[in-house]
Asker: 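Right, I'll just put the structure down here and ask away after.
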Amino acid sequence: MNDPDRRQFLQRTGRTTCAVALGGTGIVLGRRACSEDAWAIVPNKCVNIRLGVTGSEQVCDVCATDCVLPLSAVRAVNDHAECGRCCICPAYYDVRGPMGPDGLPAKKLCPRDAIVRTPIGEVDPYDPLNNFYEYTIDESKCNGCGRCVMECKDPAGLGSIRLEVRYDLCVCCNQCSIAQHCPEEAYCRIGPQPAPARTLEGGHV
Amino acid sequence: MQFTHSHTLSGKGDRAEEFHVRLAGIATDAEHRLYALGDREIKRFTPDGELEAQLPTSDAGWSIAVGEDSLWVGLQGGIEQLDFDGKPLQRIEDADRLGLVTGLAVVGETLLAADATNRTIHLYRSGKWVQEVGNKVNTRGFMIPNGVLDLALDADHASVVVAHPQKHRVERYNLKGVLTDRFGHFGMNDPADFGGCCNPTNITATAEGMIAVSEKAPPRVKVFTSEGEFLTQSPDGVFDSNTKNIDLAADGHGRLYATDPLRCAIEVFLLQATGH
């Protein structure tokens with residue numbers, strides 16, 4: 001490689017490196033700014049999550065209906081470490097509905113059929129009650145309506161299913177439509193923390 | 001069969017008859033006294049509900065049973081035997097085999113320990129481990145999403161009854177560990193059925209041979225004949241609506257005791273046969 005070629009190569013490499021660095025910094029700063037404007041559900045305020053209100057007929061589905069996205073950014077999440085892997089999961093089956101010939105409820109609870117039930121390990125084909133089951137949320141179907149959360153909560157269930165704002169989906173609107181319509185003020189902005197006061201209010205200087 | 005709520009014992013607080021943090025289990029003796037295990041002690045109540053004694057335990061206990069001449073306390077990885085004055089007599093240390101002992105039944109030299117960690121029942125004779133119970137019919141162990149496995153000695157003292165929450169039934173085993181009977185199935189509408197993900201959670205047998213079981217969400221107590229025919233259930237509104245794993249004990253005077261673990265209270269019910 002002669003001298004002019006080497007100079008051109010070094011110039012191009014330098015420009016590319018600078019462009020990548022500047023672009024990366026921009027992405028990081030952009031993400032950080034977005035995360036400061038994130039929205040989150042306060043569990044002890046949300047009627048679907050907090051203790052004391054039970055039964056899917058009492059569900060609040062504002063998260064499902066009021067998000068600006070076609071499919072809400074709020075989704076149900078099952079914490080598998082907490083899940084009891086029950087055979088008759090009240091979040092999966094409509095336990096108050098009619099029974100099927102196999103002794104299990106005939107209908108599912110989720111109106112969008114967004115929960116997948118899979119037997120785990122060696123399966124006992126003769127006794128479904130003798131098996132453990134894994135319950136996973138199909139994110140392409142779940143719209144965060146919260147019915148499963150309502151039925152899984154303690155003490156009826158173990159509270160392993162909860163509602164979460166998916167930050168990879170949320171577009172971080174400045175005026176979130178869900179927050180505006182949440183009846184319990186449970187949908188809150190997680191903004192940057194205010195700077196700590198230099199002196200305590202009412203304290204001695 | 002009449003099933004009425006009589007009164008409440010103990011509770012959460014600082015008084016001698018109350019518990020500070022936790023009420024784990026209850027049992028009765030042949031003289032109809034009530035033993036309540038909680039915090040790190042056993043409180044003994046007279047049949048009239050007066051606090052009679054406070055007996056310290058070496059560790060936080062999870063279950064209690066009364067033998068002919070001693071008390072047994074289920075611990076994490078062990079079982080402790082005390083005399084009626086609270087003096088330790090022996091301790092079965094079996095940490096390799098035993099997890100959290102949440103249910104105990106004792107008859108003579110035979111001791112059955114419900115192990116919630118390993119989801120099995122261990123049978124001991126004279127302090128020596130003999131075998132597991134129930135593992136042949138429950139090939140994946142007892143299924144207890146509620147975290148507690150409970151059993152009780154049957155009125156005939158020749159078998160034990162076990163609450164199997166995920167299978168929504170009561171199972172009966174003889175003292176050789178063989179399943180001899182079972183009753184109950186899932187259902188949300190008929191009170192004879194067991195609803196939710198995992199009920200019944202706890203169990204006891206009365207001197208007359210009836211089987212009482214407790215449920216969560218809603219918290220209640222149901223009474224069945226020995227063969228599994230539904231008789232009655234507790235009145236509404238007695239327990240905290242969020243309480244669960246209600247331990248049960250019955251005496252020979254028609255009293256049925258039920259814990260409310262959230263309130264650290266013991267609810268006293270009366271079971272009376274109605275005349276025909």
Side-chain angles (χ1 to χ4, degrees), chain A residues 44 50-57 78 80-107 109 117 119-135 148 150-161, chain B residues 116 119-120 134-149 163-171 179 182-202 214-220 239-246 259-263:
Chain A
N44 59 1
R50 70 170 192 239
L51 294 181
V53 187
T54 55
S56 59
E57 69 280 2
N78 189 15
H80 292 283
E82 297 293 323
C83 180
R85 298 172 176 80
C86 305
C87 175
I88 300 178
C89 170
Y92 179 79
Y93 285 116
D94 179 1
V95 292
R96 291 172 190 80
M99 300 291 289
D102 53 359
L104 301 175
K107 285 175 61 185
L109 179 72
R117 178 179 187 263
I120 307 170
E122 190 180 339
V123 177
D124 184 341
Y126 304 106
D127 184 5
L129 294 171
N130 199 32
N131 295 321
F132 289 110
Y133 297 85
E134 183 179 72
Y135 295 91
C148 55
M150 204 67 160
E151 290 291 339
C152 178
K153 74 169 73 167
D154 193 57
L158 299 179
S160 69
I161 306 182
Chain B
R119 298 183 291 104
T120 188
N135 55 346
K136 285 181 183 162
V137 287
N138 298 301
T139 53
R140 312 209 51 185
F142 288 94
M143 295 161 133
I144 47 168
N146 54 311
V148 165
L149 180 59
H164 198 150
Q166 174 160 316
K167 295 194 176 179
H168 299 97
R169 66 193 183 205
V170 170
E171 296 174 357
L179 178 75
R182 65 187 187 192
F183 67 84
H185 52 78
F186 173 82
M188 294 292 288
N189 301 314
D190 187 344
D193 297 336
F194 301 118
C197 69
C198 29
N199 278 312
T201 60
N202 295 70
S214 63
E215 291 186 341
K216 63 188 177 79
R220 57 186 172 180
F239 301 99
D240 185 299
S241 61
N242 285 318
T243 209
K244 61 182 177 181
N245 297 333
I246 295 168
T259 64
D260 185 333
L262 269 190
R263 293 190 290 119

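Just so it is clear: chains get the letters A, B, ... in the order the sequence lines come, proteins before strands, and each one is counted from 1. Predicted model, so just to flag it, every value in this text is computed and none were measured.
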Asker: Please identify each residue that fulfils salt bridge (charged side-chain N to carboxylate O under 4.0 Å, His left out) with A:Lys153, with sequence neighbours left out.
Answerer: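 If we apply the salt bridge (charged side-chain N to carboxylate O under 4.0 Å, His left out) test to A:Lys153, skipping adjacent residues, there are no hits.
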Asker: Can you tell me if CD on A:Glu57 sees more than 12 non-hydrogen neighbours from other groups inside 6.0 Å?
Answerer: yes
Asker: Heavy-atom pairs under 4.5 Å with chain B - which of A:Cys152, A:Cys89, A:Cys87 has more of them than the others?
Answerer: A:Cys87
Asker: Report which part of B:Ser241 has an atom under 4.5 Å of a heavy atom belonging to chain A: side chain, backbone, both, or neither.
Answerer: backbone
Asker: Got a list of side-chain donor-acceptor pairs under 3.5 Å for residues 186-198 of chain B, not counting sequence neighbours?
Answerer:
| unit_1 | atom_1 | unit_2 | atom_2 | d |
| --- | --- | --- | --- | --- |
| B:Asp190 | OD1 | B:Ala192 | N | 3.0 |

Asker: Determine the minimum heavy-atom distance between B:Lys244 and A:Asp154, stating which atoms define it.
Answerer: NZ-OD1, 2.5 Å
Asker: If I compare all heavy atoms of B:Arg140 with all of A:Asn131, which pair ends up nearest, and what's the gap?
Answerer: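 Here B:Arg140 and A:Asn131 meet closest at NH1-OD1, 3.9 Å.
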Asker: What's the separation between atom CG in A:Leu129 and atom CG in B:Asn138, rounded to the nearest 0.5 Å?
Answerer: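 Between A:Leu129 CG and B:Asn138 CG, I get 10.5 Å after rounding to 0.5 Å.
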Asker: What part of B:His164 lies closer than 4.5 angstrom to a heavy atom of chain A: side chain, backbone, both or neither?
Answerer: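 Answer is neither: B:His164 stays 4.5 Å or more from chain A.
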Asker: Is a side-chain donor or acceptor of B:Lys216 paired with a backbone partner of A:Pro155 at a separation under 3.5 angstrom?
Answerer: yes
Asker: Against chain B, work out which of A:Gly97, A:Gly103, A:Gly157, A:Cys86 has the most heavy-atom pairs shorter than 4.5 Å and name it.
Answerer: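 Going by pairs under 4.5 Å, I would pick A:Cys86.
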Asker: More than 12 non-hydrogen atoms from neighbouring residues, nucleotides or ligands closer than 6.0 Å to CZ on B:Arg119, yes or no?
Answerer: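 Counting other residues, nucleotides and ligands, CZ of B:Arg119 exceeds 12 neighbours.
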Asker: Heavy atoms only: give me the nearest A:Asn130-B:Lys167 pair and the separation to one decimal.
Answerer: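 Residues A:Asn130 and B:Lys167, closest heavy atoms: OD1-NZ, 3.0 Å.
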Asker: Sort A:Glu151 into side chain, backbone, both or neither according to what part of it lies under 4.5 angstrom from a heavy atom of chain B.
Answerer: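 Nothing of A:Glu151, per the 4.5 Å heavy-atom cut-off to chain B.
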Asker: Taking side chain as everything from C-beta outward and backbone as N, CA, C, O, which of these in A:Leu158 sits under 4.5 Å from a heavy atom of chain B? Side chain, backbone, both or neither.
Answerer: side chain
Asker: Quick one: of A:Gly84, A:Ala156, A:Pro128, who has the most non-hydrogen atom pairs under 4.5 Å with chain B?
Answerer: A:Ala156
Asker: With only heavy atoms counted, which part of A:Phe132 is less than 4.5 Å from chain B, the side chain, the backbone, both or neither?
Answerer: both
Asker: Taking all non-hydrogen atoms of both residues into account, name the closest pair between B:Arg169 and A:Asp127 and its distance.
Answerer: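 Taking B:Arg169 first and A:Asp127 second, the nearest heavy atoms are NH2-OD2, 4.3 Å.
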